[in-house]
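First up is the structure itself, then whatever we jot down about it.
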Amino acid sequence: MTALILALIAGAVVGLVLGALGGGGSVLAVPALIYLLGFTPATATAAALIIVTATSLTALYAHARAGHVRWKTGAAFAAAGILPAAAAGAAAARVPQTILTVAFAAIAALSAIKMLRPADTARPKDGGVRPGKAAGAGAALGTLTGLLGVGGGFLAVPALVTVLALQMDAAVGTSLLVITANSLASLATRSGTAASLDWALIGPFIGTAILGAWDGKRIAAKVSATHLQRIFAMVLLAVAAFMLADAVT
């Protein structure tokens, strides 16, 4: 019963973050699954991909209704990351759990630092989109998703703004399309792991995450995005420090 309650609470928090910020939910989902629900790093990354996919689809629907999704641009960006996501997902099962934990802690810390810095919303100076740079960014994001079970919204949003010259609201909505595509590609290579997951915990986690995503979008309309990002960044730094300390001791 305690584990079920923790799953419900963790799911609600992940959904709120994803709905409010357009990303970052999976960075909390993995440590929640490991430290609150007893998953191993390998099974936690697989479960996080399932949770992120379901929640991102819900948030994507909400943003699409508001006209904030650039479907062609997002599909092209996601296409560059599908194969890397699948390859990294297949390789993740062979990576030692300590390395996965340390790598995840590093990504969490870097994303927190990025959120604490002033947002860089500059467009490309020449006003055009650079296909090579866009493909590279898409491939890197796909690799990260496949290996660590991180949707990568905290990286996708700034990439869509600076590389593809999208407005911020469109970048947030389109990032959810990219996250969903990459997560599905990675999940396709983890069918064996997914079958062994504890669905009695993952199901409630997903349920409250989906509900939280709707509430998160409402919160985003009322509270300063900068304020939300700073609070989330401090939480991420604490999570990263705890995971790193746990991995090296």
Side-chain angles (χ1 to χ4, degrees), residues 1-59 89 92 97-112 115 144-155 176 179 183 186-187 190 193-194 196-216 219 228-229 231-247 249:
M1 183 61 70
T2 301
L4 177 59
I5 293 172
L6 289 174
L8 292 170
I9 295 172
V13 172
V14 167
L16 282 170
V17 171
L18 190 60
L21 301 179
S26 57
V27 184
L28 286 181
V30 171
L33 289 165
I34 294 173
Y35 296 108
L36 296 181
L37 303 179
F39 284 60
T40 66
T43 56
T45 54
L49 285 169
I50 296 171
I51 293 164
V52 168
T53 300
T55 312
S56 294
L57 280 170
T58 302
Q97 294 188 5
T98 300
I99 294 178
L100 283 176
T101 302
V102 171
F104 191 93
I107 292 296
L110 287 174
S111 64
M115 286 183 174
L144 187 68
T145 300
L147 186 62
L148 300 180
V150 179
F154 58 89
L155 296 176
L176 293 164
I179 291 167
S183 297
S186 181
L187 276 173
R190 295 172 180 252
T193 303
S196 63
L197 295 176
D198 187 350
W199 288 95
L201 294 178
I202 295 175
F205 197 121
I206 292 174
T208 54
I210 289 175
L211 293 175
W214 285 99
D215 290 334
I219 291 173
L228 287 173
Q229 285 184 354
I231 294 173
F232 180 62
M234 297 306 294
V235 173
L236 272 187
L237 284 175
V239 169
F242 178 81
M243 293 184 73
L244 186 59
D246 181 66
T249 55

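From a predicted model like this one, the values you see are computed outputs, not experimental measurements. Along the sequence shown, residues carry numbers from 1.
Residue I34 comes nearest to A44 through the heavy atom pair CG1-CB, 3.5 Å, listed as atom of the first residue, atom of the second, then distance. In terms of heavy atoms, L33 sits closest to A47 at CD1-CB, 3.7 Å. Here the closest non-hydrogen pair linking A105 and A240 is O-CB, 3.4 Å.
The distance from the CG atom of L28 to the CD1 atom of I51 is 11.5 Å, given to the nearest 0.5 Å. Interatomic distance, L16 CG to T55 OG1, rounded to the nearest 0.5 Å: 11.0 Å. Atoms CG and CG, from L6 and L36 in turn, are 5.5 Å apart once rounded to the nearest 0.5 Å.
For the pair V102/L244, a side-chain contact is recorded, criterion being any heavy-atom separation below 4.5 Å from C-beta on.
Remark: L201 engages A3, A7, L37, F39, D198 in a side chain to side chain contact (heavy atoms under 4.5 Å, CB included) (not counting sequence neighbours). The side chain to side chain donor-acceptor pair (under 3.5 Å) test applied to T98 returns no partner, not counting sequence neighbours. Under the rule for a side chain to side chain contact (heavy atoms under 4.5 Å, CB included), the partners of Y35 that lie at least two apart in sequence or sit in another chain are P31, T101, F242, M243, D246. Residues passing the side chain to side chain contact (heavy atoms under 4.5 Å, CB included) test with L8, sequence neighbours excluded: L4, P204, T208. Annotation: side chain to side chain contact (heavy atoms under 4.5 Å, CB included) contacts of T53 (sequence neighbours excluded): L57, T180, S183, L184, L187.
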Please lay out, stage by stage, how I50 and F205 fare under the test side chain to side chain contact (heavy atoms under 4.5 Å, CB included).
CA-CA 10 Å; I50 296 171; F205 197 121; over 6 Å; no

